[in-house]
Trainee: 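Below is the structure I would like to discuss, written out as C-alpha cells.
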Number of protein chains: 2
Amino acid sequence: MPPAATASGARELPHPTRAEIRLEGVLHALSDPVRLRIVRDLAADSDALFSCSHFDLPVTKSTTTHHFRVLRESGVVRQTYRGTAKMNGLRRGDLDAVFPGLLDALLAAAARQAAVLGGD
Amino acid sequence: MPPAATASGARELPHPTRAEIRLEGVLHALSDPVRLRIVRDLAADSDALFSCSHFDLPVTKSTTTHHFRVLRESGVVRQTYRGTAKMNGLRRGDLDAVFPGLLDALLAAAARQAAVLGGD
DNA sequence: GCCGTACTACGAGAGCTATCGTACGAGCTG
DNA sequence: CAGCTCGTACGATAGCTCTCGTAGTACGGC
C-alpha cells in the first residue's frame, strides 16, 4: 500500500543531488566488475538510454536490480521509468561538474584494462 | 620460524607487478576514506617515503596495518622495510604507466571534495 | 645481552555486500 | 479482462571488510 506514488503514472526514484555525490561512493560503485561493465556500456552511447534488460549480465535479475540501485544511489546513473521499462542513463554532466575529468580517466583506464585482458 | 626471510636484513614484501594491477582493486582500495586520505598524504610529497606511524589516523595500529596492506596488495603503494620502520611510497610511475591520468584525476577529485566539505 | 619501538599475526565481532530464489506489482498487448 | 514482460521486495546465505585487542616478532640502542 504505497500512499501516493502510483497515481502519477511515472514512479519517481530518489537520486542524490550533485552536492550529495561522494567520491568514495562513486569509486565503490565502480569497483565491482559488473557495475563497471554497465557503466562502460552506458558510456559507449552517452546520450542514449538503455533499459535494465538491455544488458547481458552474468547475474540474475534480482542482482541486476541491486547493482543498478547502487549505481543510482552513488550518483553515477539516472533512472527513469518508461512504461514497464526502467531507462538508465549515465550522469555524465553531473559527474563532470563535481569531479572534472574523473569519469573520462576512469573510462580510459577501464578500456585499457579490457584491451589488455582481451575483454571485448 | 620463517625459513629464509630474515637473513637479508631487509624483509621483502609481496607486491603486484604492473601487469597484475587491476582497476577494480585500485578503486576498491581508494573507496575507503582512511585509505584515500593516506594516498592523498603520500601524493602531497610524492618522492618522499613515510613510515606507517607518520600518519595520524583515527584508527588503531592494527587497523592501520590492515589498510596499508590493502593499498600494497592493490598496487597503490610500495612498502619497504627500513630497520624497524616500514616506509611507504606511492607507486605513481607504475600507476601512470598502467592507467595514464587516472591517479591525477582521482587526486584532483579528492582534493575538490575535501575543499567542498571543509576538510583540510 | 636486554629493553623499547615498530609493525605483524591471530582471533573475534559487527556490519556490509553480492548473490540467489520466490513472490509480487505495474504496465502493455491481445 | 487475461496474460505476458519488466522490474521490485523480501528473505536467506555465504563471504568479505572494518574494526579492535592481545600477543608476538624484528630491529636498533644502551
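Protein chains get the first letters and strands the later ones, always in sequence-line order, with residue 1 at the start of each.
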Trainee: Between P on D:dG7 and CG on A:Leu13, what's the gap in Å once rounded to a whole number?
Mentor: 12 Å
Trainee: Between C:dA18 atom P and A:Arg37 atom CZ, what is the distance in whole Å?
Mentor: 17 Å
Trainee: For the pair B:Arg92 and B:Asp104, find out whether any cationic side-chain nitrogen is under 4.0 Å from an anionic carboxylate oxygen.
Mentor: yes
Trainee: Taking only residues two or more places apart in sequence or in another chain, which ones pass salt bridge (Lys or Arg N to Asp or Glu O under 4.0 Å) with A:Asp32?
Mentor: none
Trainee: Starting at atom CD of B:Glu73, determine the distance to atom P of D:dC16, rounded to an integer number of angstrom.
Mentor: 13 Å
Trainee: Within a strict 4.5 Å, meaning less than it, do heavy atoms of the B:His28 and B:Arg35 side chains meet?
Mentor: yes
Trainee: Which of parallel (below 30°), tilted (30 to 60°) and perpendicular (above 60°) describes A:Phe55 and A:Phe50?
Mentor: perpendicular
Trainee: Choosing from D:dG7, C:dA18, C:dC7, which nucleotide comes nearest the side chain of B:Ala85?
Mentor: C:dC7
Trainee: Listed in order of residue number, which residues of residues 53-70 of chain A have a non-hydrogen atom at under 4.0 Å from DNA chain C?
Mentor: A:Val59, A:Thr60, A:Ser62, A:Thr63, A:His66, A:His67
Trainee: B:Tyr81 has an atom OH; how far is it from atom P of D:dT25, in whole Å?
Mentor: 14 Å
Trainee: Closest-nucleotide mapping onto DNA chain C: is B:Thr84 or A:Val34 further toward the 5' terminus? I mean the 5' end.
Mentor: B:Thr84
Trainee: What's the CG-C1' distance between A:Leu36 and C:dT17, to the nearest Å?
Mentor: 17 Å
Trainee: With sugar-phosphate meaning primed atoms plus P, OP1 and OP2, does A:Arg82 contact a base, only sugar-phosphate, or nothing at under 4.0 Å between heavy atoms?
Mentor: nothing
Trainee: B:Met87 has an atom CE; how far is it from atom C1' of C:dA6, in whole Å?
Mentor: 12 Å
Trainee: Output the rounded distance in Å from CZ (A:Arg72) to P (D:dG7).
Mentor: 13 Å
Trainee: What is the distance, rounded to the nearest whole Å, between atom CD of B:Glu24 and atom C1' of D:dT17?
Mentor: 18 Å
Trainee: Closest approach of B:Ser51 and B:Ala85, non-hydrogen atoms and distance?
Mentor: CB-CB, 4.2 Å
Trainee: Measure across A:Leu57 and A:Arg37 and return the closest heavy-atom pair with its distance rounded to 0.1 Å.
Mentor: CD2-NE, 4.3 Å
Trainee: Return the set of residues passing salt bridge (Lys or Arg N to Asp or Glu O under 4.0 Å) with B:Arg78 (not counting sequence neighbours), or none when no residue passes.
Mentor: B:Asp94
